[in-house]
Amino acid sequence: ARAATPAAPAHPPPHRRPLPPQVCLVPGRPVVRVEPAPGNARRIFTGIDIVASGCDVEEKVWATLTDYEGLASVVPNLVKNEVLDFVPQQGARLRQVGAAKLAPGITFTATTTLDVREYRNGIPDEMEADHLRDPEGDGSEPSTDSEAIRASAAKQSLQWDVFPRPYCISSLPHRDITMQGVRGTGDFRFYQGVWRMQPLPGCAPPGFSAMRLTYSVELSPRAWVPVALLEGRIASALGENLEAIRNYVKSEDTCSVVD
């Protein structure tokens with residue numbers, strides 16, 4: 001009788017295989033980078049890794065960001081947050097007033113009306129522009145070559161409904177929440193960004209889970225406000241927002257988050 005051929009060893013699917021250590025950020029301060037864009041505009045990319053035990057940390061973060069009525073109690077730079085319209089499982093229209101301290105005694109405030117949309121399986125490929133791509137690479141992962149990124153991104157014009165790709169890992173599943181300024185309203189001529197949440201297998205110690213929370217945004221103030229005066233403070237505020245979301249999840253009784 002013919003001997004049976006041994007079964008090939010089972011391998012976990014790509015999204016469950018441990019990630020190499022170099023793609024795992026250290027929990028703590030967020031990563032923030034500002035890139036130029038044509039005209040009076042900037043692209044800002046932020047990210048933070050959250051490690052926790054005792055809860056589904058990705059689900060907690062998703063629930064926090066989709067609790068539209070409660071955003072002002074979580075995000076420190078929101079002075080006002082009003083829900084104008086809400087569709088469960090789909091999104092909302094929000095009117096927000098944000099504030100950023102530019103210098104002692106000088107605070108910049110901006111009013112924005114935003115259309116928010118939820119994508120539990122991520123936004124479609126055609127809605128994402130890869131401004132972190134290495135012009136000489138294959139585009140599979142974000143580039144670490146700042147000079148190449150700046151030279152390439154500085155030539156790419158802002159385009160409605162095509163969002164800047166967050167600092168993420170393409171091979172992993174993710175969820176997205178887009179925020180887009182209603183055209184012709186508010187203090188920004190152009191505003192659109194995307195929150196992204198994705199698990200990070202292998203980036204946490206035993207008994208813990210890890211996820212990456214990122215936000216990438218393209219913005220252009222009205223012509224009377226030079227973006228160069230605002231970019232540093234806006235970037236800092238976005239980093240503070242990521243930390244605030246992590247700390248809010250940490251305050252939940254069921255979550256033990258690593259600082």
Measure across [X] and [Y] and return the closest heavy-atom pair with its distance rounded to 0.1 Å.
X: Phe188; Y: Ala110; result: CE1-CB, 3.7 Å
X: Arg196; Y: His174; result: NE-CD2, 3.3 Å
X: Val57; Y: Ser209; result: CG1-OG, 3.7 Å
X: Leu114; Y: Gln96; result: CD1-OE1, 3.3 Å
X: Glu231; Y: Val34; result: OE2-CG1, 4.1 Å
X: Ala41; Y: Val227; result: N-CG1, 3.8 Å

Is the backbone N or O of [Y] less than 3.5 Å from a side-chain atom of [X], with the two atoms forming a donor-acceptor pair by type?
X: Glu243; Y: Pro30; value: no
X: Thr112; Y: Gly186; value: no
X: Glu82; Y: Val97; value: no
X: Asp187; Y: Thr111; value: yes
X: Gln198; Y: Ile169; value: yes
X: Thr113; Y: Arg95; value: no
X: Asp176; Y: Tyr119; value: no
X: Asp115; Y: Gln180; value: no

> Which residue, Pro166, Ser216, Pro164, forms the side chain to side chain contact (heavy atoms under 4.5 Å, CB included) with Glu128?
Replying inline: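 Only one of Pro166, Ser216, Pro164 forms a side chain to side chain contact (heavy atoms under 4.5 Å, CB included) with Glu128, namely Pro166.
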Say whether [X] and [Y] are linked into one hydrophobic cluster, either directly or through other cluster members, by side-chain heavy-atom distances under 4.5 angstrom.
X: Tyr215; Y: Leu230; answer: yes
X: Phe86; Y: Leu78; answer: yes
X: Trp62; Y: Val83; answer: yes
X: Val182; Y: Val116; answer: no
X: Phe190; Y: Leu219; answer: no

Side chains of [X] and [Y] in contact at under 4.5 Å (non-hydrogen atoms):
X: Val194; Y: Met127; answer: no
X: Leu158; Y: Arg43; answer: yes
X: Val162; Y: Glu218; answer: no
X: Tyr68; Y: Leu94; answer: yes
X: Asn81; Y: Val75; answer: no
X: Val249; Y: Val61; answer: yes
X: Pro76; Y: Asn241; answer: yes
X: Leu213; Y: Trp195; answer: yes

Starting at [atom1] of [X], measure out to [atom2] of [Y] and round the result to the nearest 0.5 Å.
X: Leu238; Y: Thr46; atom1: CG; atom2: OG1; result: 5.5 Å
X: Arg120; Y: Ile177; atom1: CZ; atom2: CD1; result: 9.0 Å
X: Asn77; Y: Arg233; atom1: CG; atom2: CZ; result: 6.0 Å
X: Thr185; Y: Tyr191; atom1: OG1; atom2: OH; result: 13.0 Å
X: Met197; Y: Ile50; atom1: CE; atom2: CD1; result: 10.0 Å
X: Leu200; Y: Asp49; atom1: CG; atom2: CG; result: 5.0 Å

>> salt bridge (charged side-chain N to carboxylate O under 4.0 Å, His left out) for Arg175 and Glu59? Distances and angles first, verdict last.
In response: CA-CA 10 Å; Arg175 313 185 210 185; Glu59 190 62 41; 2.9 Å; yes
>> Tell me every residue that passes salt bridge (charged side-chain N to carboxylate O under 4.0 Å, His left out) with Glu69, counting only those two or more places apart in sequence or in another chain.
In response: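 Glu69: no salt bridge (charged side-chain N to carboxylate O under 4.0 Å, His left out) contacts found.
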> With sequence neighbours left out, what residues match Asp161 under salt bridge (charged side-chain N to carboxylate O under 4.0 Å, His left out)?
Replying inline: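 Per chain and number, Asp161 pairs via salt bridge (charged side-chain N to carboxylate O under 4.0 Å, His left out) with Arg183.
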>> Go through it in stages, so that I can follow the logic: the residues are Thr214 and Arg212, the test is side-chain contact (heavy atoms from CB on, under 4.5 Å), and I'd like the CA-CA distance, side-chain angles, deciding distance and then a yes or no.
In response: CA-CA 6 Å; Thr214 58; Arg212 178 163 295 165; 3.6 Å; yes
